[in-house]
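Counting begins at 1 with the first residue of the sequence. These figures come from a predicted structure and were not determined experimentally.
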Amino acid sequence: MPNAAKWFIVHTYSGYENKVMDSLKKTVENRQMQDLILDISVPTEMVVEITEDGKKKEVEHKVFPGYVLVKMTLTDDGKVPNESWYAVRNIRGCTGFVGTSTEPIPLTDEEVAKLGVESKTVEVSFNIGDTVQITGGPFDGYIGTIDSMNLDEMRMTVIVSMFGRETPVELEMSQAQLANF
């Protein structure tokens with residue numbers, strides 16, 4: 001069942017995001033719904049503000065005021081229709097899901113990645129200086145040496161020899177594999 005879990009956006013009264021998140025966590029614990037509601041998040045970011053006396057201080061701001069993100073599975077087993085939906089919907093301060101009044105719309109995988117609410121750990125088997133063979137894109141089949149890597153964006157620069165010149169090529173890490181000689 002957790003395989004069907006998706007991220008949904010819950011609309012709340014402004015300023016009630018943390019209260020809704022805390023209440024929902026307590027509800028999940030009390031009703032033992034950990035298998036239906038897997039994660040609850042209020043995305044925040046640190047912002048530098050300048051005070052009246054000219055000093056800088058870091059302040060935490062909500063990225064989406066009035067919204068809480070919930071990773072959950074919608075249930076409809078015939079016995080208790082949408083138990084997880086009702087549990088979230090009936091939290092004090094919650095005004096509903098983003099979507100239709102009867103069916104919330106889940107976030108797509110691309111939206112989840114852009115929001116950064118789910119951190120995926122990716123194991124990279126490359127190191128700077130390794131020789132790789134490019135397996136996708138216009139440079140498919142070329143062999144080069146890794147010059148730099150950006151793990152946040154999952155990209156790397158590979159130096160490829162073309163027409164007797166060394167040329168840097170930007171690639172996604174999925175477009176290369178270690179060269180086998």
Just verifying a value: how many Å separate [X] [atom1] and [Y] [atom2], rounded to the nearest 0.5 Å?
| X | Y | atom1 | atom2 | value |
| --- | --- | --- | --- | --- |
| N127 | M156 | CG | CE | 11.0 Å |
| W7 | I40 | CH2 | CD1 | 8.5 Å |
| Q133 | L178 | CD | CG | 10.5 Å |

**Charged N-O contact under 4.0 Å between E170 and R155** =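 Between R155 and E170 there is a salt bridge, with a charged N closer than 4.0 Å to a carboxylate O.
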Taking all non-hydrogen atoms of both residues, which atom of [X] and which atom of [Y] are closest, and how far apart?
| X | Y | answer |
| --- | --- | --- |
| M33 | S84 | CE-CA, 3.7 Å |
| L38 | A5 | CD1-CB, 3.4 Å |
| A176 | F126 | O-CZ, 3.3 Å |
| E60 | T44 | OE2-OG1, 3.1 Å |
| K6 | P106 | CB-CB, 3.6 Å |
| S23 | I91 | CB-CG2, 3.7 Å |

**Request:** Show the numbers, then the answer: is there a side chain to side chain donor-acceptor pair (under 3.5 Å) between S161 and E166?
**Result:** CA-CA 4 Å; S161 179; E166 294 195 344; over 6 Å; no
**Request:** For atom CD of E29, decide whether the heavy atoms of other residues, nucleotides or ligands shown that lie under 6.0 angstrom number more than 12.
**Result:**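 Count not over threshold, so no.
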**E45 atom CD, over 12 foreign heavy atoms within 6.0 Å** =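 More than 12 heavy atoms, drawn from other residues, nucleotides or ligands, come within 6.0 Å of this atom.
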**Prompt:** Between F97 and W85, how do the two ring planes meet: parallel, tilted or perpendicular, split at 30° and 60°?
**Reply:**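 Parallel: the ring planes of F97 and W85 meet at under 30°.
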Any [X] side-chain heavy atom under 4.5 Å of [Y] side chain:
| X | Y | answer |
| --- | --- | --- |
| V132 | Q177 | no |
| M72 | F8 | yes |
| V42 | K62 | yes |
| V98 | I105 | no |
| P104 | L74 | yes |
| I159 | T167 | no |
| E49 | H61 | yes |
| E58 | V47 | no |

**Asked** Any chance the side chains of Q175 and T135 put a donor and an acceptor closer than 3.5 Å?
**Response**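 Distance-only check fails for Q175 and T135.
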Is a donor on one side and an acceptor on the other found under 3.5 Å between the side chain of [X] and the backbone of [Y]?
| X | Y | answer |
| --- | --- | --- |
| T12 | Y16 | no |
| T131 | A179 | no |
| D140 | G137 | no |

**Prompt:** Just one of V68, V70, V10 clears the side chain to side chain contact (heavy atoms under 4.5 Å, CB included) bar with L24, so which one?
**Reply:**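 The option that passes is V70.
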**Message:** Measuring centre to centre across the rings, with the benzene-like ring taken for any Trp, is H11 within less than 6.0 Å of Y67?
**Reply:**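 Yes; Y67 has its ring centre under 6.0 Å from that of H11.
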